[in-house]
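Remember, it's 1-based here, ligands and their atoms both numbered in the order they're listed. Since the model is a prediction, treat every value here as computed from it, not as a measurement.
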Amino acid sequence: MYRITVFPGDGIGPEVTDQVIKLIRKIGQAHHLVFEIQQSLLGGASIDKHGVPMTPEALRLALESDAVFLGAVGGPKWDRVEPAKRPEKALLELRKSLEVFANIRPVLLMPELVSRSPLKAEIVEGCDFVILRELTGGIYFGTPRGTEGSGPSERAFNTMVYTAAEVERIVRKAFELARRRRRHVTSVDKANVLEVSRLWRKTATAVHAEFPDVTLDHRYIDDCAMQVIKNPGQFDVIVTGNLFGDILSDECAMLTGSIGMLPSASVGGKYALYEPVHGSAPDIAGKNMANPLASILSIAMMMETSFELHEIAREIEQAVRDVLRAGHRTADIAEPGQRCVSCSEIGDLVCGRIGK
Ligand code: IPM
Ligand code: MN
């Protein structure tokens with residue numbers, strides 16, 4: 001039996017999560033596996049009901065399950081909530097509590113979607129790399145942080161900080177990941193300016209000595225932001241800090257046609273958290289038009305990484321490919337003028353191909 005906690009969250013989160021629940025049930029039926037799914041509120045939905053973005057009960061559920069799925073959190077409705085109680089705070093706390101320091105974001109372009117990328121086909125064709133984003137440290141969590149004073153002298157500050165141990169463990173994961181791929185790691189930093197990046201680079205170089213079969217190069221974040229759209233084929237595994245990884249992954253989503261296609265898995269030790277890379281997309285929420293494929297592909301990552309159900313992971317990926325190959329498209333990946341399928345329809349189409 002596999003216990004999965006599901007947090008639909010806010011905006012399009014509940015719609016894409018519905019497709020995930022449907023998919024997990026279908027996998028259970030088709031393959032005679034028992035998945036126990038428990039649901040709880042997180043983010044704005046939890047603020048509305050309980051006054052806090054994550055209750056201790058919600059966190060306990062997550063800590064007691066074998067894997068956690070999260071739809072999306074946040075939205076304009078909670079923009080004026082005090083910082084300590086914002087929806088995003090729940091997500092950051094959840095990541096920290098689950099100790100999922102390694103966020104794996106595959107940037108894989110499905111051949112059917114080449115024409116949907118805003119970049120030229122000859123640039124994006126065959127694009128297949130992974131962003132490994134450090135997820136529980138860096139400027140997202142560094143202290144001191146805060147605001148003080150008022151008027152023109154009002155100040156706000158954050159701290160970008162990494163310890164050598166934090167860099168070492170994420171960089172080691174990058175080399176291990178590269179060993180299962182094309183054996184090349186690009187470490188991304190801003191070592192020409194930041195001390196924290198100099199430590200990052202020094203540590204990455206030191207860890208590299210243990211992986212002589214993997215090549216390592218270093219790039220500055222600004223250069224890397226350019227290279228990923230100039231020549232994405234040069235990358236295999238990109239490893240970087242929390243903030244740089246956040247920005248790069250949205251940029252790289254454009255290589256795959258839509259941010260609606262990007263899944264993620266966050267791992268550390270004991271726990272794992274699966275989330276689509278996209279946010280809550282309040283502008284299209286409740287319209288049944290979101291693309292659930294990033295969430296569905298995140299479940300493929302869950303089957304693979306948390307449960308070692310490799311064949312099922314491949315089956316989900318294949319089902320997604322087949323649905324795209326058959327020409328079905330949600331609005332974000334549709335050709336101009338094409339009839340779009342809804343979020344729930346594309347979810348049904350994927351589920352219909354499971355167990356065949
Ligand atoms: C992401 C998101 C989150 C982040 C937000 C919602 C806090 O943008 O997962 O990329 O910045 O990590
Ligand atoms: Mn982001």
Exercise. Just wondering, do L273 and V68 contact through their side chains at under 4.5 Å, heavy atoms?
Worked result: yes

Problem set entry | K173/F101 under side chain to side chain contact (heavy atoms under 4.5 Å, CB included): CA gap, chis, key distance, verdict | CA-CA 10 Å; K173 278 250 188 279; F101 64 86; 4.1 Å; yes

Exercise. Would you say the side-chain atoms of Q19 and K22 include a donor-acceptor pair closer than 3.5 Å?
Worked result: yes

For this session: Enumerate the atoms of ligand 1 whose separation from the nearest heavy atom of Y140 is less than 4.0 angstrom.
Result: 4 (C), 11 (O), 12 (O)

Exercise. Can you check whether R95 has an N/O within less than 3.5 Å of an N/O in ligand 1?
Worked result: yes

Problem set entry | Proximal protein heteroatoms (N, O or S) of the Mn ion (ligand 2), under 2.8 Å | D246 OD1

For this session: Please work out whether any backbone atom (N, CA, C, O) or any side-chain heavy atom from C-beta onward of K89 is under 4.0 Å from ligand 1, and answer side chain, backbone, both or neither.
Result: neither

Exercise. Heavy atoms only: which of L243, L70, V73, D246 is nearest to atom 10 (O) of ligand 1?
Worked result: D246

Exercise. So, does R105 sit close enough to ligand 1 that a heavy atom of it is under 4.0 Å from the ligand?
Worked result: yes

Problem set entry | F175 and F211 aromatic ring geometry - parallel, tilted or perpendicular at 30°/60° bounds | parallel

Exercise. Does the side chain of E335 come within less than 4.5 Å of R116's, by heavy atoms?
Worked result: yes

Exercise. Do S306 and D66 have side-chain atoms, one donor and one acceptor, less than 3.5 Å apart?
Worked result: no

Exercise. Of all the heavy atoms in R133, does at least one lie under 4.0 Å from an atom in ligand 1?
Worked result: yes

Exercise. Considering residues, nucleotides and ligands other than E148, do more than 12 of their heavy atoms fall under 6.0 Å from its CD?
Worked result: yes

For this session: Mind running side chain to side chain contact (heavy atoms under 4.5 Å, CB included) on R179 and D213 for me, showing each step along the way?
Result: CA-CA 8 Å; R179 272 191 173 155; D213 53 318; 2.7 Å; yes

Problem set entry | Separation between OG of S295 and CD1 of I12, rounded to the nearest 0.5 Å | 7.5 Å

